[in-house]
Amino acid sequence: DGCGHTVLGPESGTLASINYPQTSPNSTVCEWEIRVKPGQRVQLKFGDFDIDDSDSCHSSYLRVHNGIGSTRTEIGKYCGFGFQMDGLITSKSNEVTVQFMSGTHTSGRGFLAAYSTTDKSDLITCLDNASHFSEPEFNKYCPAGCVIPFADISGTIPHGYRDSSSLCMAGVHAGVVSNTLGGQINVVISKGIPYYEGSLANNVTSKVGPLSTSLFTFKTSGCYGTLGMESGVIPDSQITASSILEWSDQTGQVNIWKPENARLKRVGPPWAAFISDEHQWLQIDLNKEKRITGIITTGSTLAEYYYYVSAYRILYSDDAQKWTVYREPGMDKDKIFQGNTELYQEVRNNFIPPIIARFFRINPLKWHQKIAMKVELLGCQFSMGRAPKITVPPPPQNKNDDKNDVFSDDFIHSVKTSLQTDKTTFTPEIKNTTVTPSVTKDVALAAVLVPVLVMVFTTLILILVCAWHWRNRKKKTEGTYDLPYWDRAGWWKGMKQFLPTKSAEHEETPVRYSNSEISHLRPREVPTMLQTESAEYAQPLVGGIVGTLHQRSTFKPEEGKEASYADLDPYNSPIQEVYHAYAEPLPITGPEYATPIIMDMSSHPSTPLGIPSISTFKAAGNQAPPLVGTYNKLLSRTDSTSSAQVLYDTPKGQPGPGAADELVYQVPQSVAHSTGSKDE
């Protein structure tokens, strides 16, 4: 009466004391006899061991023996609270006896252990989870019997399972291993996700889980794709049933719940049987042999019709005449699959090993109110290259060896015949839905990040190039004398280096006045008007006074209000503190002379004979660019007291006209000079 959770498989299993993980009751005993194939040995691994040792293993203990029965020999006797047994206990034969004794005690959980044959060197127990292992990927062997009520898992495929979940129990939920047989798992650790979904699969309920630092998933051979019920690859004509529910509602409308309605996730009613009994079935023709690895079912999915199937059997056939009921290897009973517990939830069951057949039939055994369901089949194409490994079950132990040999030969022959029926169906395999995210996540991440980074860097480069071109274009569009309002003096200083100097290619543009413009002047005022003071300022940028401005000017700026055509004497205007946008003074090294004025005086009646119509003079050093002024401006700057005989200005700071040897201008000596004088 001291036996707890127990599953004894042909190659592995799990055993625990009664009431584990709670305190085991007093005065109980349990004995397990374990047998594996002849020639094999048994290894025992403890996942938890907590037995009272107050009396030095006298009344409470765990004892392991080689062999079974009276001939058995003791391997060891164990007790202790939180006893850690890192190694494995190995037998000397294919038989082992495990005996548990519980005396009088007040605490102690008892024990949980797993066993397997010695060729499974990576055996773990049902209590191991992903956090117990540091490798990012590893292979372990799960024993049979890991669907235990005291272990929890969170998550589902293909997203993965929370790292706190039991590895082997999650493997059963994912359909990687069988709870009856156990098996090998290939685990991959990945980064955790914020939320883990819950689901029901293979009689294991996965709970909703919160955020974790890591998760794990399983690598498989990859045969878990849908076979065409939902997508419509399987036509309606290949879906049949034993009976069809047909009825009229209150409005008189006839409702027919036909077999083709049994497509998972399709909106509308499901398939329903007319009679609800254990002889009803839903049949699917796959058109050719397929490798079927699982099935997903739901109820009616209609709230007003609370119908669903809670348990069913699976039958399969190659010709739709001779049917085989699905059984797990080594079992002599039909496997009963757990169905739905309500009408909406999708419930998955996997076939280990897979079913290889063309015709697939579902036989409901239990239901709620009426037999109604929607289904989808999981699997892949079947071909010789992907044929499953065939394990021949051991023949029954009896004395008739000849019959055993005939049975084995017939079985092997039937397997070979089945494999030869589909030699031409070499179709691509459907990808596995349980592949770990880490297998494809790096490739997908790189495929996304590389183009994004290239686009980002390309965009930055284009922005910089456009900004550079825009800045240069802005600089080019700004006039030489168009001063910014925020820093006029500083801007002028910075732009002086860009001002071109006079060269042979850029001749001075003279200011010419026609006869009509000066005809009203008195003869004495004409030469006087040509005299100018030495100026150090550029012409003010005032519209209406100067028609055209060249690169440089030496006219003196007005002091006061802005001049107009009506104001002929802006220098006598009252001084007002008005800021004018004048350029900075010319450089010290530049010339300080007025721009030459070329006038045609030949038609003026008061002009002395012999005065040249074109006069030129040259300044020392570089000549500043010319300035074209207006007649009104010249009038405002004419000195009426100047001599009518002096037609040219003198350099600033130089002696008067009397010192001819120090002047750099050619000054006419008499009226009789040639009219065709040129620059020197």
Side-chain angles (χ1 to χ4, degrees), residues 200-201 203 226-287 292 294-317 319-327 333-349 351 355 357-378:
L200 176 59
N203 203 25
T226 58
L227 292 182
M229 285 292 289
E230 178 186 350
S231 63
V233 172
I234 300 174
D236 293 346
S237 59
Q238 294 177 201
I239 307 173
T240 57
S242 57
S243 63
I244 301 173
L245 179 62
E246 182 176 346
W247 53 283
S248 300
D249 56 19
Q250 297 177 353
T251 62
Q253 183 179 0
V254 178
N255 296 278
I256 303 176
W257 290 8
K258 300 179 288 186
E260 52 264 33
N261 293 344
R263 298 180 183 272
L264 190 70
K265 297 181 180 179
R266 285 290 183 92
V267 178
W271 163 74
F274 182 75
I275 301 173
S276 295
D277 59 24
E278 295 183 357
H279 302 290
Q280 304 302 310
W281 46 263
L282 176 68
Q283 180 177 308
I284 302 171
D285 179 9
L286 299 175
N287 199 35
I292 309 169
I295 181 175
I296 301 175
T297 62
T298 66
S300 67
T301 67
L302 299 175
E304 60 270 28
Y305 305 106
Y306 208 85
Y307 308 151
Y308 60 87
V309 174
S310 57
Y312 57 88
R313 294 188 306 168
I314 297 297
L315 297 88
Y316 56 94
S317 173
D319 55 6
Q321 299 296 325
K322 184 179 179 180
W323 294 90
T324 303
V325 181
Y326 183 82
R327 294 180 178 179
K333 295 182 179 180
D334 301 342
K335 180 174 178 61
I336 307 301
F337 294 90
Q338 179 184 0
N340 296 86
T341 58
E342 46 94 4
L343 72 162
Y344 289 111
Q345 185 182 20
E346 295 181 3
V347 176
R348 173 173 47 85
N349 282 286
F351 309 126
I355 297 173
R358 171 181 173 178
F359 297 94
F360 186 88
R361 182 176 285 185
I362 306 167
N363 174 214
L365 299 177
K366 295 181 180 180
W367 55 88
H368 184 266
Q369 297 184 9
K370 286 185 178 295
I371 295 175
M373 65 190 317
K374 296 180 180 180
V375 303
E376 178 63 280
L377 299 182
L378 306 177

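Source: prediction; values computed, not measured. Every heavy atom of this structure was used, including side-chain atoms; hydrogens, water molecules and symmetry mates were not.
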Assess whether side chain to side chain contact (heavy atoms under 4.5 Å, CB included) is satisfied between Ile336 and Arg313, documenting all intermediate values. CA-CA 5 Å; Ile336 307 301; Arg313 294 188 306 168; 3.6 Å; yes
Residues two or more places apart in sequence or in another chain: which of them pass side-chain contact (heavy atoms from CB on, under 4.5 Å) with Asn349? Asn202, Ile295, Tyr312, Phe337, Val347
Of the non-hydrogen atoms in Trp367 and Glu278, which two are nearest, and what is the gap between them? CH2-N, 4.0 Å
Straight-line distance of Ile275 CD1 to Lys370 NZ, nearest 0.5 Å: 10.0 Å
Does any non-hydrogen side-chain atom of Ile296 lie less than 4.5 Å from one of Leu378? yes
Distance (rounded to the nearest 0.5 Å) between Ile284 CD1 and Ile234 CD1: 5.5 Å
Between Leu245 and Ala273, which heavy-atom pair has the shortest distance, and what is it? CB-O, 3.9 Å
Under the salt bridge (charged side-chain N to carboxylate O under 4.0 Å, His left out) definition, can you give me all pairs with a residue in residues 294-307, not counting sequence neighbours? none
For Pro259, check side-chain contact (heavy atoms from CB on, under 4.5 Å) against everything at least two apart and list the hits. Ile239, Ala241, Ile244, Trp271, Leu282
Which residues pass the ring-ring contact (aromatic ring centres under 6.0 Å, His included) test with Phe359, sequence neighbours left out? none
Residues 247-257 vs salt bridge (charged side-chain N to carboxylate O under 4.0 Å, His left out), sequence neighbours excluded, gives none
Run through Thr301, Val375, Ile371, Leu302 and flag the one making a side-chain contact (heavy atoms from CB on, under 4.5 Å) with Pro270. Leu302
Could you check whether any side-chain N or O of Ser317 sits under 3.5 Å from a backbone N or O of Lys322, counting only pairs where one atom can act as donor and the other as acceptor? yes
Looking at residues at least two apart in the chain, or sitting in another chain, which of them share a ring-ring contact (aromatic ring centres under 6.0 Å, His included) with Tyr316? none
Return the set of residues passing side chain to side chain donor-acceptor pair (under 3.5 Å) with Arg266 (not counting sequence neighbours), or none when no residue passes. none
Residues in ring-ring contact (aromatic ring centres under 6.0 Å, His included) with Tyr344, at least two apart? none
Shortest non-hydrogen contact from Pro364 to Val309? CB-CG1, 3.8 Å
Enter the distance from Met373:CE to Asn261:CG here, rounded to the nearest 0.5 Å. 13.5 Å
Side chain to side chain contact (heavy atoms under 4.5 Å, CB included) between Thr226 and Leu264: does it pass, once the steps are laid out? CA-CA 11 Å; Thr226 58; Leu264 190 70; over 6 Å; no
Side chain to side chain contact (heavy atoms under 4.5 Å, CB included) assessment of Thr298 paired with Leu343: CA-CA 6 Å; Thr298 66; Leu343 72 162; over 6 Å; no
Among residues at least two apart in sequence or on other chains, which ones pass side chain to side chain donor-acceptor pair (under 3.5 Å) with Asp285? Arg358
Working to the nearest 0.5 angstrom, can you tell me the gap between Glu346 CD and Lys265 NZ? 5.0 Å
Closest non-hydrogen atom pair, Gln345 against Thr341: OE1-OG1, 3.8 Å
Measure across Gly228 and Glu376 and return the closest heavy-atom pair with its distance rounded to 0.1 Å. N-OE1, 3.7 Å
Do Val325 and Asn363 come close enough that some side-chain heavy atom pair is under 4.5 Å? no
So the side chain to side chain donor-acceptor pair (under 3.5 Å) pairs with at least one residue in residues 227-243 (sequence neighbours excluded) are Asp236-Arg263, Ser242-Gln280, Ser243-Gln280
Does any non-hydrogen side-chain atom of Trp281 lie less than 4.5 Å from one of Trp323? no
Partner residues of Arg348 under the side chain to side chain donor-acceptor pair (under 3.5 Å) criterion, sequence neighbours left out: Asn350
Sorted by chain and number, sequence neighbours left out, side-chain contact (heavy atoms from CB on, under 4.5 Å) with Val267 holds for none
Parallel under 30°, tilted from 30 to 60°, perpendicular over 60°: which one fits the rings of Tyr308 and Tyr306? perpendicular
Starting at CD1 of Ile292, measure out to CG of Leu286 and round the result to the nearest 0.5 Å. 5.0 Å
Is there a donor-acceptor pair closer than 3.5 Å between any side-chain N or O of Asn340 and the backbone N or O of Thr297? yes
